[in-house]
Amino acid sequence: MSDPKKGPLYITNTLSRRKEEFVPLRPPHVGLYVCGPTVYSDVHLGNVRSFLTFDVLYRWLTHLGYKVRYVRNITDVGHLVGDIDEGEDKIAKRARLEQLEPMEIVQKYTNGFHDVMRLFNLLSPSIEPTATGHLIEQIGMVERIIKSGYGYEANGSVYFDVPKFAEKHAYGELSGRRIDELLTNTRDTEGMEEKRSPLDFAIWKKAEPQHLMKWPSPWGEGFPGWHLECSAMSTKYLGGTFDIHGGGMDLKFPHHECEIAQSVAADGHVPVRYWMHGNMLTVNGRKMAKSEGNGFTPEELLSGNHKLLEKGYSAMTVRFFMLQSHYASTLDFSNAAMQAGEKGLERLMAAMTVLGKLKPGALDGADVTALEKRCYEAMNDDINTPVMIGELFEGVRIINSVNDGKLTLTATSIERLSTLMNTMVFDVLGLKQEQQIAGDDRAMDGLVQEFIRMRAEAKARKDFTASDAIRDRLTALGIILKDTKEGTAWERA
RNA sequence: GGUCGCGUGGCCGAGUGGCUAGGCACAGCUCUGCAAAAGCUGCUACUGCGGUUCGAAUCCGCACGCGACCUCCA
């Protein structure tokens, strides 16, 4: 980018397992694809972490001046439940249980997903394509794979021939798997006689009679394989090869590995230049997952009404808590850590309010330029939000010191600090003020100011019994008074 | 069983060869009528055992502990 303080950006590419300088294919444009949710149940906090990781990446790329096309899909063709059922579509299964149309389920949980994204202040993607809306593209891709010789039909289903593909192309590169090891580790394939190899995966699946979501195809009634939608839709909206593909660590294999194979087989080139994977949110050291039953919904989180929660936490507390660890590290959820995050966020946000009221001085007692530089370096070093937040607390210290008259900053530096803090806290980290601050509600503020005046009068005549009574009663109502040199401020608890 | 990764102070969590991360908690101090808020100060760790190096939390090996994916499967 033209502004030297802003670049270059380094990100960890799963393909090389190293930090690489990010150079877009067609600057200033950047194509970003992120695997979205499967809309057959509520998203839980672990899912949110993954989407949050790429939300911040999207925000940062945008801040750096890139024109980002951010595509995040909705998987509304069912996946298998896996170890529970016998090949029944997840969405169809849910539908029968709840006596709903499949698309009703899809709509319900898509709406819920959007609500959660809004709650945690995640930006909307540029395009949010659905799998059901792209059947033609997916069928086209299956045809191209068959044509290239890497797909074969068996009994109405079409499978991807992994061993044949691996003869001429890399398979397992992304996830560090070797085809011979995969074969060695695979058990008997009984019941899967349609497949030529246990490593083969379906790219089109024949629909059983009871299956509700199905479409006509050259191979009969069926539905697309679950790796296919991302390949078809990313190709459609971002091109045959695009810049960044993100997703949770658990999608590396087989999902993303299969995506690569499909694109190479269908179109002859690798689809993605930089693969990025976010790590898992854990609870007591275990991955938060639907199958573990250790997830909670946003409602439970906010209310604290869940056995894992000692109390409720605000969405921004959660967002801040998550950003205090690096996206590539596992993060363990605990009440103690949440409460620490809650306190830290309060201090940060309080400073943001103070920031707007700073009075300039003649000299600079702090180096804002250096602070700014460190913030950019942290973000450019693989989106290191925890380090960046550490720097922001240096900013908090400066702000409060200036406010206390213990440090001075020139008007220019205050302006610069203000821009930096506001940009990083609100635009990049995507935090927002949740607490009602004084002044938001004029009637309320007027009332409280009246009490503050009464208390000041009591204090002036040394009637501390009366002044403390006023303060204590306001505290009991959730109004906290803070005495400063300029007078008394208030905030809600 | 295979592959990959992790193990940091009271808690959370950065850090990849020498330089105090940061947050929370705790203690003391300043300010204050008291409190709160804020600032300052203190608490200085890196699973164990070997090795490389002038020097290792950071590199290598082994051990122990933990996790993710795969091992059933679209």
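Just so it is clear, the model here is predicted, and its values are computed rather than measured. Below, chains carry the letters A, B, ... as their sequence lines are ordered, and counting in each starts from 1.
- Atom CD of Glu391(A) and atom P of rG15(B) are 13 Å apart (whole Å).
- Within residues 322-331 of chain A, the residues that have a heavy atom under 4.0 Å from RNA chain B are, in order of number, Gln324(A), Ser325(A), His326(A), Ser329(A), Leu331(A).
- For Arg471(A) and rA36(B), a side-chain-to-base donor-acceptor distance below 3.5 Å is absent, hydrogens and geometry of angles not being considered.
- Residues Asp76(A) and Met103(A) form a side-chain contact, since some pair of their non-hydrogen atoms from C-beta on lies under 4.5 Å apart.
- Salt-bridge formation is detected for the pair Arg397(A)/Glu394(A): a Lys NZ or Arg NE/NH1/NH2 atom is positioned less than 4.0 Å from an Asp or Glu carboxylate oxygen.
- Looking at heavy atoms from C-beta onward, Leu281(A) lies out of side-chain contact with Val48(A) at the 4.5 angstrom threshold.
- Comparing Ala350(A) and Asn384(A) by the nucleotide of RNA chain B that holds the closest heavy atom to each, the one mapping nearer the 5' end is Asn384(A).
- Rounded to the nearest Å, the gap between the C1' atom of rG55(B) and that of rG17(B) is 8 Å.
- Atom-to-atom, CZ of Phe253(A) to C1' of rC69(B) comes out at 9 Å; the value is rounded to the nearest Å.
- Using bins of under 30°, 30° to 60° and over 60° for the plane-to-plane angle, the ring pair Phe333(A)/Phe321(A) lands in the perpendicular bin.
- Pairing analysis of RNA chain B (Watson-Crick: purine N1 to pyrimidine N3 plus N6-O4 or O6-N4; G-U wobble: N1-O2 and O6-N3; both under 3.5 Å) yields stems of 3 or more pairs at B:1-7 with B:64-70, B:10-12 with B:22-24, B:26-30 with B:38-42, B:47-51 with B:59-63.
- Distance check on atom P: rA36(B) versus rG15(B) gives 35 Å, rounded to whole Å.
- Of the candidate nucleotides rA38(B), rG33(B), rC70(B), rC70(B) has the atom lying nearest to any side-chain atom of Pro254(A).
- Between the side chains of Tyr274(A) and Glu20(A), no donor-acceptor pair of N or O atoms lies under 3.5 Å.
- Classification of the Tyr150(A)-Phe165(A) ring pair by plane angle, with boundaries at 30° and 60°, yields perpendicular.
- Residue Arg455(A) has its side chain nearest to rC34(B) when only rC34(B), rA68(B), rC70(B) are considered.
- The CG-P distance, from Asp382(A) to rG13(B), rounds to 18 Å in whole Å.
- In this structure, the side chains of Glu259(A) and Leu174(A) stay at 4.5 Å or more apart for every pair of heavy atoms.
- When distances run from any side-chain atom of Asp250(A) to the nucleotides rG39(B), rC69(B), rA14(B), the shortest one goes to rC69(B).
- Of the C1' atoms belonging to rC54(B) and rG39(B), the separation is 41 Å, rounded to the nearest Å.
- Rounded to whole Å, atom P of rG22(B) lies 18 Å from atom CG of Asp381(A).
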Show each protein N/O and nucleotides 24-28 of chain B N/O combination with a separation under 3.5 Å, one pair to a line.
{"unit_1": "rC24(B)", "atom_1": "OP1", "unit_2": "Arg347(A)", "atom_2": "NE", "d": "3.1"}
{"unit_1": "rA25(B)", "atom_1": "OP1", "unit_2": "Lys343(A)", "atom_2": "NZ", "d": "2.9"}

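- Using C1' as the reference atom, rA21(B) and rC29(B) are 25 Å apart when rounded to the nearest Å.
- The nearest heavy atom of RNA chain B to Phe464(A) and to Arg397(A) marks one nucleotide each, and the one closer to the 5' end goes with Phe464(A).
- Phe201(A) comes within 4.0 angstrom of no nucleic acid atom, judged by non-hydrogen atoms across all strands.
- For rG33(B), its base sits under 3.5 Å from the side chain of Asp468(A) at one donor and acceptor pair at least.
- Looking at heavy atoms from C-beta onward, Cys375(A) lies in side-chain contact with Leu392(A) at the 4.5 angstrom threshold.
- Comparing the same atom, C1', in rU20(B) and in rU44(B) gives a spacing of 8 Å after rounding to whole Å.
- Nucleotides rA45(B) and rG5(B) have their P atoms positioned 29 Å apart, rounded to a whole Å.
- Under a 4.0 Å N-O distance rule, the pair Arg453(A)/Glu450(A) qualifies as a salt bridge.
- Below 30°, between 30° and 60°, or above 60°: for Tyr33(A) and His245(A) the angle between ring planes is between 30° and 60°, a tilted geometry.
- Taking 4.0 Å as the cut-off between side-chain N and carboxylate O, Glu342(A) and Lys311(A) count as a salt-bridged pair.
- Here rC12(B) presents its C1' atom at 13 Å from OH of Tyr313(A), a figure rounded to the nearest Å.
- Between Ser325(A) and Arg49(A), the side chains place a donor N or O and an acceptor N or O closer than 3.5 Å (distance only, hydrogens not considered).
- We find that NZ of Lys357(A) is positioned 13 Å from C1' of rA37(B), with the value rounded to whole Å.
- Distance CD (Glu394(A)) to P (rG39(B)): 11 Å, rounded to an integer number of Å.
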Worked verdict on Phe253(A) versus Leu182(A) for side-chain contact (heavy atoms from CB on, under 4.5 Å): CA-CA 12 Å; Phe253(A) 188 88; Leu182(A) 286 169; 4.0 Å; yes
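- Checked against the 6.0 Å centroid threshold, Tyr376(A) and Trp60(A) count as a close aromatic pair.
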Please produce a list of atom pairs where a protein N or O lies less than 3.5 Å from an N or O of nucleotides 3-5 of chain B.
{"unit_1": "rU3(B)", "atom_1": "O2'", "unit_2": "Gly176(A)", "atom_2": "O", "d": "3.3"}

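- With sequence neighbours excluded, no residue forms a side chain to side chain contact (heavy atoms under 4.5 Å, CB included) with Ala469(A).
- OP1 or OP2 of rA37(B) has not a single side-chain nitrogen or oxygen of Asn400(A) nearer than 4.0 Å.
- Base engagement by Lys459(A) is indicated by at least one non-hydrogen atom pair under 4.0 Å involving a base atom.
- In this view, Thr282(A) and Asp332(A) satisfy the side chain to side chain donor-acceptor pair (under 3.5 Å) rule, not counting sequence neighbours.
- When the P atom is compared between rC19(B) and rC70(B), the two are found 41 Å apart, to the nearest whole Å.
- In this structure, the CZ atom of Arg286(A) is 10 Å from the P atom of rC66(B), given to the nearest Å.
- Nucleotides rC62(B) and rC6(B), compared at atom P, are 16 Å apart to the nearest Å.
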